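Bear in mind the structure is a predicted one, so any value in this text is a computation, not a measurement. Below, read A as the first sequence line, B as the second, and so on, with proteins coming before strands; counting in each chain starts at 1.
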Amino acid sequence: MAEQQTQLLANQPQPVVPPGSGFRGDDVPAETDMYRCVHCGLCLSSCPTYTTLKVEPESPRGRIALMKAVNEGRAAINPTVVSHWEKCLQCRACEAVCPSGVPYGRIMENTRAQVLSHGMQSEGLRRMSRMFLRAALPHPGRLRLGAHLVKMYQKSGFQRLVRASRFLNVLPGGMAALESQLPDFTGPFFGPSKTVYPARREKKLTVGLLSGCVMPLMQGSTMDATVRVLNRNGCDVVVPVGQGCCGALNVHSGDLETARQMARRNIDVFRATGVEAIVTASAGCGSTMKEYDDLLKGDAEYADSAGYFARMTVDITEWLASLPIDPPVSSLSRRVTYQDPCHLAHAQRITAQPRELLQAIPGVELVEMEQSTMCCGSAGIYSMIQPELSGQILDRKLDNIVATGVEQVVTANPGCMSQIERGLRQRGLSHPVTHVVDLLDEAYRSEDGG
Amino acid sequence: MARLLVYYHAKFLSYFRRAWEWCFLVSSLAPGAAARFLDELKAIVGEEYVYYHPEDLLVYEYDGSIDRGLPGAVVLPISTDEVRRVMALCYREGVPVVGRGSGTGLSGGAIAPPGGVQISFSRMDRILEVDTENRTATVEPGVINLDLDNHVHKFGYRYAPDPSSQKACSLGGNIAENSGGPHCLAYGCTTNHVLGMEVVLEDGSVVNLGGTARETPGYDLRGVFTGSEGTFGIATCITVRLLPLPEAVKTFMGVFPDVDSACTAVSAVIGHGIVPAALEMIDALSIRAVQNVMDLGYPEDAGAVLLIELEGLQEEVEEIGIEVEAALWESGPTLVRTAEEASDRERLWAGRKGALGALGSLAPNYYLVDGVAPRTKLTEVLREVAAISERYSIPIANVFHAGDGNLHPCLLFDERQPGALETIIEAGAEVMKVCIDAGGALTGEHGVGLEKKELMPLVYTDEDMDAMRRVRDSFAPHNRLNPGKIFPDGTHYHPPARRPEPGLSI
Ligand SMILES: Cc1cc2nc3c(=O)[nH]c(=O)nc-3n(C[C@H](O)[C@H](O)[C@H](O)COP(=O)(O)OP(=O)(O)OC[C@H]3O[C@@H](n4cnc5c(N)ncnc54)[C@H](O)[C@@H]3O)c2cc1C
Ligand code: SF4
Ligand code: SF4
């Protein structure tokens, strides 16, 4: 048979890429990590962006292939490549299921560092990095001041006025959309009034608490609950002054240098306290802190203490389950579902402990949702930089939550709490969204008679 | 000052790069005929679903194998109608076409021919109907094997063929490769479970093969189509048979000091007249790989492990279970244990199904030889494989469907080392020859594709292959679908991996 074929597409121009690796400097994705990927595809079905967009460039395997291509000098770090990398939530679901053990989180962080050092970040991320990640996060004072201002705006009724007037809609630059994403600062702030909160029962241990950056401002009540639950279970809680943000958002956006400075500060501050463990109620922070050793491995002075810090770090659910806790006696009678935060389930592989704690509360019925370990789309600053995709991912999460028919959503990370709460409210639903420790605290408090 | 200089230098570089890319972008659109063709594709599937930027094509150049090839363009249709129109357009323009499911194939089947259009089915992933009365399900080709299985579980059914890649591979790809899996020992491969399908032929015409019944009058065309590796047509809608979920399941793990004794145990089990639902072997190297990544309960000092699964009625499983244990104990194991708890079984299977991927923890690449050997000759064949491993100094991991003699020796290597790929292909061919000499076959379940086409003459005469070509010609007379696969043409091309020049990555 005649096999007439034309070469219509065969002679498409190919990009001219400078020879050699497109990665340079110290913070490069390691070859031993990247080439562990055998492109088997077993991670595809766990990836929130692939299962939403259904195209290979938005899959873990595709993103790794692009890293390899840049490394091999077959592609440049250009806007197309960067857009695929930036759509990654860094949820690390792919890492948790990869049979080959590709340390995806680490190579993506280094890839982002390359994007940053090549000056190729997208406009949105660049702006956010400048305004928030570098100018605000490392400075707790500035954060608190900003939060106070927003709180005034939100509480004074001015926000309602602005929203009702639709005034922002006429301003350019998507101001209305940005405004609608403003975090809720109306609750009480967690402002350590003292540095040691003594155990309420017989004292067993002393732990340090990371207060972090925005959590004490947005979820101050959860921080209070964390302290109370620890105290109730025989732990002195030290909240050392001088500590700051853990640097997670900086690490994720590739700003490793700023993150290193933040890590060193926390290491110094906590080293001085002599605590037996460093507890955090934020899964995102915990995962970064547990990886301080990786972050500072090139720093001769800090490498050892970073390793020690990393080993000392525990998530609050992990810590409480290991104690173990005094089970609360009074019953809450509530049906709840648990959303696994990515940085707890995938990065720290902690899924059993939060469930154990919930089930230790009499009357609490845990109803599992479908795909509880799938990201909710919050992913740090992702929801602000990729609002559309984040919204699609959130939608699926909300559908799964609603399908369980529960009254309350429980999770273990501040970012997930705000994202899910915002999503539910936009759908006109009023389910409370809380942290595991909030529920435990509630149970203990009702047992103490309020 | 120095920092400023560095800053402006970086800025300048990035502007320069952007300007450069902009020039490239414009020029890539310029060539008239190609641009018009791309526009027509966009008009069919939508602008967003035609990829032709080189960076986007890079992620469609691979599948699960070691082959690579850049497509000319990738389209992602959403319906049979779009597929039909894309095919008709490509036919008119003489552009070759290749289908792509999830790109997990292990023979390079989905690798595009130069300048070809790749049609990816990842967006056609709807389960259209589950008919519990007739025990069938009708799906689009991009539906993931495990998604279908999980979905029908809700109704008390299962889709039996379970390739180890079932979490990722598509039904379309399964049909094209006639994929098997651990449980195909008892239930048969994909071809035993496909009832009918809607197929788009190379010129864009649509035909229906088979139906919803197990037997249809006339030639069994759906049987001929299954396993045709994407060269006959594109399946756009597939009806498969469902089986009821078994009442009881029990998994046994036999731990052996070496591969020989594990092989003896395989014969012993089958010799007892037992047909387990699955009978898999995992050797020491594969166990190491699995346990490297995650502790899934495999003994790290074992020479080989057998996984045996029984399914059926509770009593039957209990009864046969006793026999299986007896058969295993006859062959000198160090341990036999049963897993009845679903979670325990899942852990063991997760290890088995993740074993191939886990090899990545030992070496960056593996070349999997999908040879088949008669079960009675397993021991000798595996010994020879071990000898090849030694001769070439190539580690070879064996993790395979022992029950039906479908070997999967995986040759481990690093493609970035000069000459490694060539040596591997040579050693792989030797392994294949060992299988064939023992009376086996070229491929168990992964297809011939690009990877094994030059080996076809080992098993088939020219007349045999001509006959096969004539069958293909009756479906695709112009050979526009997935050309360059299956039949030897001396063009097998492994793109050399480009290692970054050490001196340049400052
Ligand atoms: C870790 C791992 C384990 C594996 N285990 C097994 C196993 O146990 N058993 C087994 O049999 N295989 C196994 N495989 C191989 C592979 O998963 C199967 O061949 C699978 O069926 C390929 O499906 P896919 O969707 O990825 O197809 P692809 O790789 O995308 O394509 C395979 C072929 O199918 C064609 N094709 C795709 N869709 C269509 C369509 N709609 N119509 C017509 N042709 C189409 C393509 O053109 C190509 O020729 C394994 C692979 C991996 C990576
Ligand atoms: S599962 Fe791991 S090895 Fe497989 S494609 Fe994904 S990242 Fe690569
Ligand atoms: S980190 Fe999450 S979003 Fe990114 S590739 Fe992996 S699974 Fe997908």
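- Side-chain contact between B/D63 and A/H39: absent, with no pair of heavy atoms (C-beta onward) separated by less than 4.5 Å.
- Each of A/V82, A/T80, A/V70 was scored for a side chain to side chain contact (heavy atoms under 4.5 Å, CB included) with B/E55, with one residue passing: A/T80.
- Surrounding CZ of B/R288 are at most 12 heavy atoms belonging to other residues, nucleotides or ligands under 6.0 Å away.
- Scanning all heavy atoms of the two residues, the minimum distance from B/G360 to A/S100 falls at CA-OG, 3.0 Å.
- Residue B/N365 holds its CG atom at 10.0 Å from SG of A/C37, rounded to the nearest 0.5 Å.
- Environment of CD in A/Q359: crowded, with over 12 heavy atoms of neighbouring residues, nucleotides or ligands closer than 6.0 Å.
- Contacts of B/L76 with chain A are made by side-chain atoms alone, with heavy-atom separations under 4.5 Å and no backbone atom involved.
- Within a 6.0 Å radius of CZ in B/R126, other residues, nucleotides and ligands contribute 12 heavy atoms or fewer.
- Across all non-hydrogen atoms, the minimal contact from A/R61 to B/G103 is NH1-O, 2.7 Å.
- With sequence neighbours left out, B/C90 forms a side chain to side chain contact (heavy atoms under 4.5 Å, CB included) with B/F37, B/V86, B/V95, B/V97, B/V117.
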Audit row: B/R416, A/E31, side-chain contact (heavy atoms from CB on, under 4.5 Å) steps and yes/no = CA-CA 11 Å; B/R416 295 166 298 163; A/E31 283 201 357; 2.5 Å; yes
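- Neither the backbone nor the side chain of B/R469 comes within contact range of chain A, judged by heavy atoms closer than 4.5 Å.
- Judged as a salt bridge (charged side-chain N to carboxylate O under 4.0 Å, His left out), the pairs with a partner in residues 90-100 of chain A (not counting sequence neighbours) are, in order, A/R92-A/E95, A/R92-A/E291.
- Here the side chains of A/E56 and B/Y51 are not in contact, with every heavy-atom distance at 4.5 Å or above.
- Taking chain A as the reference chain and counting heavy-atom pairs below 4.5 Å, the highest number among B/G354, B/A168, B/A358 is found for B/A358.
- The candidate with the highest count of non-hydrogen atom pairs below 4.5 Å against chain B, out of A/T32, A/V102, A/I64, A/V55, is A/V55.
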message = Would A/R63 and B/V59 count as a side-chain contact (heavy atoms from CB on, under 4.5 Å) here? Give the steps.
response = CA-CA 8 Å; A/R63 292 178 179 129; B/V59 305; over 6 Å; no
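- Side-chain atoms of A/R74 and B/L58, non-hydrogen and from C-beta on, do get closer than 4.5 Å to each other.
- The shortest side-chain heavy-atom distance between B/L359 and A/V38 does not fall under the 4.5 Å cut-off.
- Of all non-hydrogen atoms in A/P57 and B/Y60, the two that sit nearest each other are CD-OH, 3.6 Å.
- Within the 4.5 angstrom heavy-atom criterion, no atom of B/Q166 approaches chain A.
- Closest heavy-atom contact between A/R36 and B/S361: NH2-CB, 3.0 Å.
- Distance SG/A/C40 to NZ/B/K353: 14.0 Å, rounded to 0.5 Å.
- At a 4.5 Å heavy-atom cutoff, A/C43 makes no contact with chain B through either its backbone or its side chain.
- Residue contact with chain B, scored on non-hydrogen atoms closer than 4.5 Å, involves the side chain of A/L44 exclusively.
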